[in-house]
S.K.: 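Structure in structure tokens, see below.
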Amino acid sequence: MEVGWRQVVAAVAAVGIVLGIVLGIAAAAHAHRGVLPTLHHDGRGTVWLTLAWDDGHPVTEPGLAMMSASSAGGASVPVTALRPLAHDPATLPLPGALAAGDWTVIVDVAAPGVGYCSVRLQVAADGVPQTIACATPTAATTAAPADPPAPGQLHWLIGAIAALAALAVGGFGVLRSRRGTVRR
């Protein structure tokens with residue numbers, strides 16, 4: 001059985017359209033943009049981070065973050081990797097504890113999404129526990145350029161381009177097949 005131009009064009013167009021639909025649906029299902037870290041400490045130096053998606057959904061994938069801290073007295077904690085607890089992938093403890101004093105803690109979340117937090121803590125023997133939710137920066141407080149498209153938006157764009165390319169190839173194939181059937 002010989003395969004003609006029409007079958008090839010139809011197959012390419014169908015694959016492109018299906019690819020566009022599948023990528024679009026997959027992107028919509030995973031449309032989280034970033035994570036919102038919440039910093040916790042017991043007041044006596046134990047620090048841990050919890051993660052949630054910025055749309056309010058719980059984080060179920062293991063998180064990875066980097067934390068550094070500096071005290072008003074000159075002490076510092078170098079950049080340290082925070083890894084999740086085995087039973088709770090959204091909780092990332094600082095190995096060790098901060099010494100007594102006033103601390104500035106900076107956290108950069110790398111996985112499963114991107115997040116940032118900078119907070120001030122006070123650690124003392126009789127310290128008060130705190131939970132500090134890190135807010136997402138607003139356009140008024142940041143001078144950063146416009147956000148790049150979210151991964152979901154890119155999937156839709158790639159899917160749309162694939163579908164349009166498939167339709168263009170299909171249209172070209174139809175025109176070519178029509179020209180081939182016209183006799184001169």
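Worth knowing before you read on, the calculation uses all heavy atoms, side chains too, and leaves out hydrogens, waters and symmetry mates.
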S.K.: For a quick test of reading the model, state the closest non-hydrogen atom pair linking Ala69 to Val105 and the distance between them.
M.R.: CB-CG2, 4.0 Å

S.K.: If you take all heavy atoms of Leu92 and Ala65, which pair is closest and at what distance?
M.R.: CD2-N, 3.9 Å

S.K.: Determine whether Leu64 and Leu94 fall in the same hydrophobic cluster, where Ile, Leu, Val, Met, Phe, Trp and Tyr are linked whenever their side-chain heavy atoms lie under 4.5 Å apart.
M.R.: no

S.K.: First locate atom CD of Gln122, then atom NE2 of His41, and finally report the distance between them rounded to the nearest 0.5 Å.
M.R.: 8.5 Å

S.K.: Once rounded to the nearest 0.5 Å, what's the spacing between atom CE of Met66 and atom OG1 of Thr80?
M.R.: 7.5 Å

S.K.: Do you know which two heavy atoms are closest between Gly63 and Pro84, and how far apart they sit?
M.R.: O-CD, 3.0 Å

S.K.: Between Ser68 and Val107, is any pair of side-chain heavy atoms under 4.5 Å apart?
M.R.: no

S.K.: If every non-hydrogen atom of Val35 is compared with every non-hydrogen atom of Pro37, which pair is closest and at what distance?
M.R.: O-CD, 3.4 Å

S.K.: So, for Ala100 and Ala124, which heavy atoms are closest and what is the spacing to 0.1 Å?
M.R.: CB-CA, 4.5 Å

S.K.: Hey, any chance Trp48 and Ile132 share a hydrophobic cluster, counting ILVMFWY side chains that come within less than 4.5 Å of each other, even indirectly?
M.R.: no

S.K.: Should Val59 and Pro89 count as side-chain neighbours, where that means a heavy-atom distance under 4.5 Å?
M.R.: no

S.K.: Kindly compute the distance separating CG (Leu51) from CG (Leu36), expressed to the nearest 0.5 Å.
M.R.: 9.5 Å

S.K.: Do Tyr116 and Ile106 pass the side-chain contact (heavy atoms from CB on, under 4.5 Å) test, and can you show the C-alpha distance, the side-chain angles, and the key distance before you say yes or no?
M.R.: CA-CA 8 Å; Tyr116 175 79; Ile106 298 173; 3.6 Å; yes

